[in-house]
2 protein chains.
Amino acid sequence: MASITEENYLKALFNLSNNQGEASISDLANQLGVSMPTANSMVKTLQKQGLCKYEKYKPVILTEQGKKAAALIIRKHRLTEMFLVNKMGFGWEEVHEIAEQVEHIHAPKFFERMDEMMGFPTVDPHGSPIPDKQGRIQELHLKSLSEAVPGQEAVIAALSDSSAEFLAYLNSRQLSLGTELKILSKESFDQSMTVAYGEKERESLSQKVCEKLLIRIFD
Amino acid sequence: MASITEENYLKALFNLSNNQGEASISDLANQLGVSMPTANSMVKTLQKQGLCKYEKYKPVILTEQGKKAAALIIRKHRLTEMFLVNKMGFGWEEVHEIAEQVEHIHAPKFFERMDEMMGFPTVDPHGSPIPDKQGRIQELHLKSLSEAVPGQEAVIAALSDSSAEFLAYLNSRQLSLGTELKILSKESFDQSMTVAYGEKERESLSQKVCEKLLIRIFD
DNA sequence: ATATTTTGTTAGATTATTCTAACAAATTTG
DNA sequence: CAAATTTGTTAGAATAATCTAACAAAATAT
């Protein structure tokens, strides 16, 4: 039912409201690269369909129906990304743009078949959870590397930034999901961390990078 | 550049003008399920982009540029159909609807990767030729089964109708591409033919069916 | 608490794609 | 060939998604 445009608004609202549960018109407009009046009028349209709650000058809140619709689009996006990497040999930095288009395809069997072929994965190539068929998302309470302390060991489980630039940076440092890190030290003046992994005995990672690496710490 | 709507008009024009090299406004409108004024105005839009030639009350003719654009969309459609059947386990009767959506994706690498994974197929699951990257189509001068005569042997190479209904009919008779047929007889009053293939010693095929089966006759 | 800035809204216009109604040209038929 | 039918066109309107300009409310900063 929802047009591609509407689907993109739902996805943006879902992503923006991950923390607060709500999103402002200006954030929404920014996220989608449209003007505020455009975002404003589309929000009214979505509200009429029961997908979000909206009152003048108040933030936008997705309804349960809206959240589910958004999660199901994200499910298609993440399944597609995983399929492109696992079954078609793409790099994790190449798949977002393609998945951005494939996610709007209406063909349940297509995505079910992908899911099956991959053995029902629970996360995408960047470690983000894949919502289930009911639109439920399994939260992965992960910490960021910046929260770890020297002496700890951890494995990279996900990323909080999956931009092609950041992924290219990680590629250049041989960092990927599953990489095991030993935290050697942390500089107090710039929060940068020195870590060891694979062949690398001492690598320095800036605060920005550490914040974006989501880890599971070994007990 | 072209919108999905424009791409669908190009494809329809290409298919309609396979024989004559031209298509009428009413055929175009019919094919796409839109009104004649709608088709008329879109044709004017395509003409402004140099994709077709059009004069009032005359049939529409695709330009070389228009033909190439259409062929490249058809290339994506047919590669997708083949991928769905060969790599994802779909039946040949299930793939048209999905390919109809996937063909509009702008991601050259995605389709090149499919092509590579399949070993550069030249025909789709219904035997229709896949245009090359330059939009050139290799014509497969095939005959229809109705042109064959008793005593001849032939193999089914393609179909001139790939509707889900016809494909379901063929499935129910165990007929598929590659099936080898022996023509036993032909009824002169209704043009139906009796053939043998696989386990079947005598199967009768109506004229309608014979016309839709494209064959290569054994020398 | 007033002034300034940011955020949000309304109004009005634009482009793409579609429609119906009315009319006109072309084709087919008797 | 004239009448009837089919095909095609024009005009005018509707919906979706977008914009800019102008104004209004809310938030922030002096």
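Just so it is clear: chains get the letters A, B, ... in the order the sequence lines come, proteins before strands, and each one is counted from 1.
Considering only the side chain of B:Thr5, C:dT18 comes nearest among C:dT18, D:dT18, C:dC19. For B:Lys56, counting side-chain heavy atoms from C-beta on, the closest listed nucleotide (D:dT9, D:dT20, C:dT9) is D:dT9. Checking C:dG8, D:dG8, D:dT20 against every side-chain atom of A:Met36, the shortest atom distance belongs to C:dG8. Distance from the side chain of A:Ser3 is smallest to D:dA17 among D:dA17, D:dT9, C:dC19. When distances run from any side-chain atom of B:Tyr54 to the nucleotides D:dT18, C:dT9, D:dG8, the shortest one goes to D:dG8. Proximity note for A:Pro37 (side chain, C-beta onward) versus C:dA11, D:dT18, C:dC19: the nearest is C:dA11. The side chain of B:Ser35 sits closest to C:dC19 out of C:dG8, C:dC19, C:dT17. Comparing atom distances between the B:Met42 side chain and each of D:dT10, D:dG8, C:dT18 picks out C:dT18 as nearest.
For the pair A:Arg78 (side chain) and A:Pro131 (backbone), a donor-acceptor distance under 3.5 Å is absent.
For B:Lys58 and D:dG8, the shortest distance from a side-chain N or O to OP1 or OP2 is not below 4.0 Å. OP1 or OP2 of C:dT7 has not a single side-chain nitrogen or oxygen of A:Ser24 nearer than 4.0 Å. Phosphate proximity of D:dT18 to A:Tyr9: present, with a side-chain N or O under 4.0 Å from OP1 or OP2. The phosphate of C:dG8 has OP1 or OP2 within less than 4.0 Å of a side-chain N or O from A:Ser26. Look at B:Lys44 and you'll find a side-chain N or O under 4.0 angstrom from OP1 or OP2 of D:dT10.
Computed from coordinates, the B:Glu6 CD to C:dT15 P distance equals 15 Å when rounded to whole Å. In this entry the distance linking CD1 of A:Ile25 with P of D:dA25 reads 17 Å, nearest Å. Counting to the nearest Å, the P atom of D:dG8 and the CG atom of B:Leu28 are 10 Å from each other. In this structure, CG of B:Leu32 is placed 13 Å from C1' of C:dT18, rounded to the nearest angstrom. In this structure, the CG atom of A:Asn8 is 15 Å from the C1' atom of D:dA16, given to the nearest Å. Rounded to an integer number of Å, the gap from B:Asn40 CG to C:dA26 P is 14 Å.
Each of A:Tyr57 and A:Val34 was assigned the nucleotide of DNA chain D with the nearest heavy atom; the assignment lying further toward the 5' end belongs to A:Val34.
Counted by atom type alone, B:Glu211 and B:Gln207 present one or more donor-acceptor pairs between their side chains at under 3.5 Å. No hydrogens or angles considered: a donor-acceptor pair under 3.5 Å links the side chains of B:His104 and B:Asn8.
Taking all atoms of both residues into account, the shortest heavy-atom contact from A:Val102 to A:Phe111 is O-CZ, 3.5 Å.
A cation-pi arrangement is found for A:Lys212 relative to A:Phe166, the charged atom lying closer than 6.0 Å to the ring centre and inside a 45° cone about the ring normal.
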